[in-house]
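The figures that follow rest on heavy atoms only: side chains count, while hydrogens, waters and symmetry mates do not. Here is how names work: the chains are called A, B, and so on, in the same order as the sequence lines, proteins then strands, and each is numbered from 1.
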There are 2 protein chains.
Amino acid sequence: MSGHLDLIDLKIIESMGENGRIRLSELAEVVGLSIPSVSERLDKLQKNGIVKGFTMDVDERQLGFDIQAFVRVRVDSSKHYKSFMEHVMKEDEIMECYSVTGEGSHILRVMTHNTGSLEKFLSRIQSWPGVMSTNTSFVLSQLKKTRKIGADIIRNNLQDRQVLITYDEKKSRK
Amino acid sequence: MSGHLDLIDLKIIESMGENGRIRLSELAEVVGLSIPSVSERLDKLQKNGIVKGFTMDVDERQLGFDIQAFVRVRVDSSKHYKSFMEHVMKEDEIMECYSVTGEGSHILRVMTHNTGSLEKFLSRIQSWPGVMSTNTSFVLSQLKKTRKIGADIIRNNLQDRQVLITYDEKKSRK
DNA sequence: TATGAAAACTTGCAAGC
DNA sequence: GCTTGCAAGTTTTCATA
């Protein structure tokens, strides 16, 4: 489905993870290809859905988001899943939402202005149908946040997978 | 310190949060200013540290990262904080690390290839000095992940803060 | 799938308001 | 701090290997 990723694709992914606004001319130099070739590969990566988009990293504190928190939510998901999701999508303060194993069914990463707005937010989500409990951990500081995904690591991942695919093919040929 | 952010700056931040590779010409049209003006504002936002950088969003599953997890770690931080940090920085599988309140002192967002590599990772971090326990939640699915920070929300945040500053100034003038 | 060359567009810089 | 205009650089498109 995704064709085949070669080392050049992986280098493009690595470089743009570090600098999403890198020029195609510079990228072409890095990977050792002409600009049109790099441009075409990038298009394909986007069409494949491997590249989902480009964004900017900001200092949230300076924008007045003094509170960051992880909120574990226990949702009776069988019945109320759809309405829970709709609420999650509408809340601008929820930056990320994951369905997870362990205590609670979901983890939210929340960004908000102050303890007052967080309190309001928490009481709001506790009123959603199916929400049984929440458990909040404040973020005191962010020690690491990286977007770089090394080409060599991806290659290892995919090589492993390749081995599996080859193995399955052999089996099914019998 | 950060001068003053007006509505145009906030629109730039909002637009680039949605599309980090937007052209300055397009951005200029969106905010209703000339290209050099927008360019200059963007430079200032970067120099202020409000804009930290630009990145690309990828589909990690397609790159062979089949396992995502949140790992809560309890670290005896007083003594071992520095060495813990150094380890965290070196591990490519740790995408994010937060110091938090609540059960455990840190939360890690981890991305790895399969259960085998996760197991190795977990036993590695459990061997770091000061790490007392870990608690892992697998990510089953990502329901929301947004980078957009609405201009109107930021404005509300900062207006609130402005009120506080004004109030403090009045007090100290007495 | 890659390249080179031309056209179209984008950006950076300077001068002036 | 904004704009206009020009020069330099960048990206896109297309024909070709």
Side-chain angles (χ1 to χ4, degrees), chain A residues 1-59 62-63 151-152 154-155 158-159 161-162 165, chain B residues 1-59 62-64 151 154-155 158-159 161-162 165:
Chain A
M1 186 175 286
S2 59
H4 241 343
L5 296 177
D6 63 14
L7 197 61
I8 290 175
D9 292 313
L10 302 186
K11 278 186 190 164
I12 292 174
I13 291 168
E14 178 171 339
S15 294
M16 299 199 105
E18 284 181 281
N19 175 11
R21 259 181 106 78
I22 189 173
R23 307 233 169 246
L24 294 188
S25 53
E26 199 182 331
L27 204 51
E29 190 139 342
V30 171
V31 306
L33 239 54
S34 67
I35 296 172
S37 306
V38 173
S39 173
E40 200 182 332
R41 277 165 181 267
L42 187 57
D43 280 355
K44 273 190 196 159
L45 288 170
Q46 291 191 268
K47 276 178 197 134
N48 283 340
I50 291 173
V51 168
K52 293 196 287 188
F54 296 89
T55 55
M56 187 175 67
D57 281 327
V58 297
D59 181 342
Q62 285 200 60
L63 297 180
D152 42 335
I154 303 173
R155 206 182 44 207
L158 297 177
Q159 274 175 355
R161 181 177 281 182
Q162 198 53 42
I165 291 166
Chain B
M1 185 176 287
S2 60
H4 241 344
L5 296 176
D6 64 13
L7 197 60
I8 290 175
D9 292 312
L10 302 187
K11 278 186 191 165
I12 292 173
I13 292 168
E14 178 171 338
S15 294
M16 299 199 105
E18 285 181 281
N19 175 11
R21 257 182 107 79
I22 190 174
R23 307 230 168 251
L24 293 189
S25 54
E26 200 181 330
L27 203 51
E29 190 140 343
V30 170
V31 306
L33 237 56
S34 69
I35 295 171
S37 305
V38 172
S39 174
E40 200 183 331
R41 278 164 180 266
L42 187 57
D43 279 355
K44 272 191 197 157
L45 287 169
Q46 290 191 267
K47 274 177 198 136
N48 283 340
I50 291 173
V51 167
K52 293 195 288 188
F54 297 89
T55 54
M56 187 174 65
D57 281 327
V58 297
D59 181 341
Q62 285 200 61
L63 297 180
I154 302 173
R155 205 183 44 208
L158 297 179
Q159 273 174 355
R161 182 177 282 182
Q162 198 53 40
I165 291 166

**Asked** Between B/Leu42 (CG) and C/dT10 (P), how many Å, whole number?
**Response** 16 Å
**Asked** On DNA chain C, nearest-nucleotide positions of A/Asp6 versus B/Glu26: which is more 5'?
**Response** A/Asp6
**Prompt:** If you take all heavy atoms of A/Leu33 and A/Arg41, which pair is closest and at what distance?
**Reply:** CD2-NE, 3.5 Å
**Item:** Side chain of B/Leu24 (C-beta onward), nearest among C/dA2, C/dT11, D/dC2
**Value:** C/dT11
**Message:** Please classify the nucleic acid contact of A/Ile35 as base, sugar-phosphate, or nothing, using heavy-atom distances under 4.0 Å.
**Reply:** base
**Prompt:** Please give, in whole Å, the distance from C/dA2 P to A/Leu27 CG?
**Reply:** 13 Å
**Message:** Counting only side-chain heavy atoms from C-beta out, which of D/dT11, C/dA2, C/dT10 sits nearest to A/Ser25?
**Reply:** D/dT11
**Asked** Pick from B/Val38, B/Leu10, B/Leu27, B/Val31: which one makes a side-chain contact (heavy atoms from CB on, under 4.5 Å) with B/Ser15?
**Response** B/Leu27
**Interatomic distance where CD belongs to A/Glu29 and C1' belongs to D/dG9 [whole Å]** = 14 Å
**Message:** From CG of B/Leu45 over to P of D/dG1, roughly how many Å is that when rounded to an integer?
**Reply:** 12 Å
**Item:** Most 5' of A/Ser37 and A/Arg21 on DNA chain C, judged by nearest nucleotide
**Value:** A/Ser37
**Asked** Is B/Ser34 near enough to D/dC2 that one of its side-chain N or O atoms lies under 4.0 angstrom from OP1 or OP2?
**Response** no
**Request:** Name the closest nucleotide to the A/Pro36 side chain, picking from D/dT13, D/dG1, D/dC2.
**Result:** D/dT13
**Asked** Atom CD of B/Glu40 and atom P of C/dT11: how far apart are they, to the nearest Å?
**Response** 16 Å
**Fill in**
Heavy-atom nearest pair, A/Ile22 first then B/Arg21, reads O-NH1, 2.8 Å
**Item:** Where at least one partner belongs to residues 25-36 of chain B, residue pairs that pass side chain to side chain donor-acceptor pair (under 3.5 Å), sequence neighbours excluded
**Value:** B/Ser34-B/Ser37
**Message:** From CZ of B/Arg23 over to P of D/dT11, roughly how many Å is that when rounded to an integer?
**Reply:** 7 Å
**Message:** Between the opening five pairs and the closing five pairs of the helix from C/dT1-D/dA17 to C/dC17-D/dG1, how far apart are the helix axes, to 10°?
**Reply:** 30°
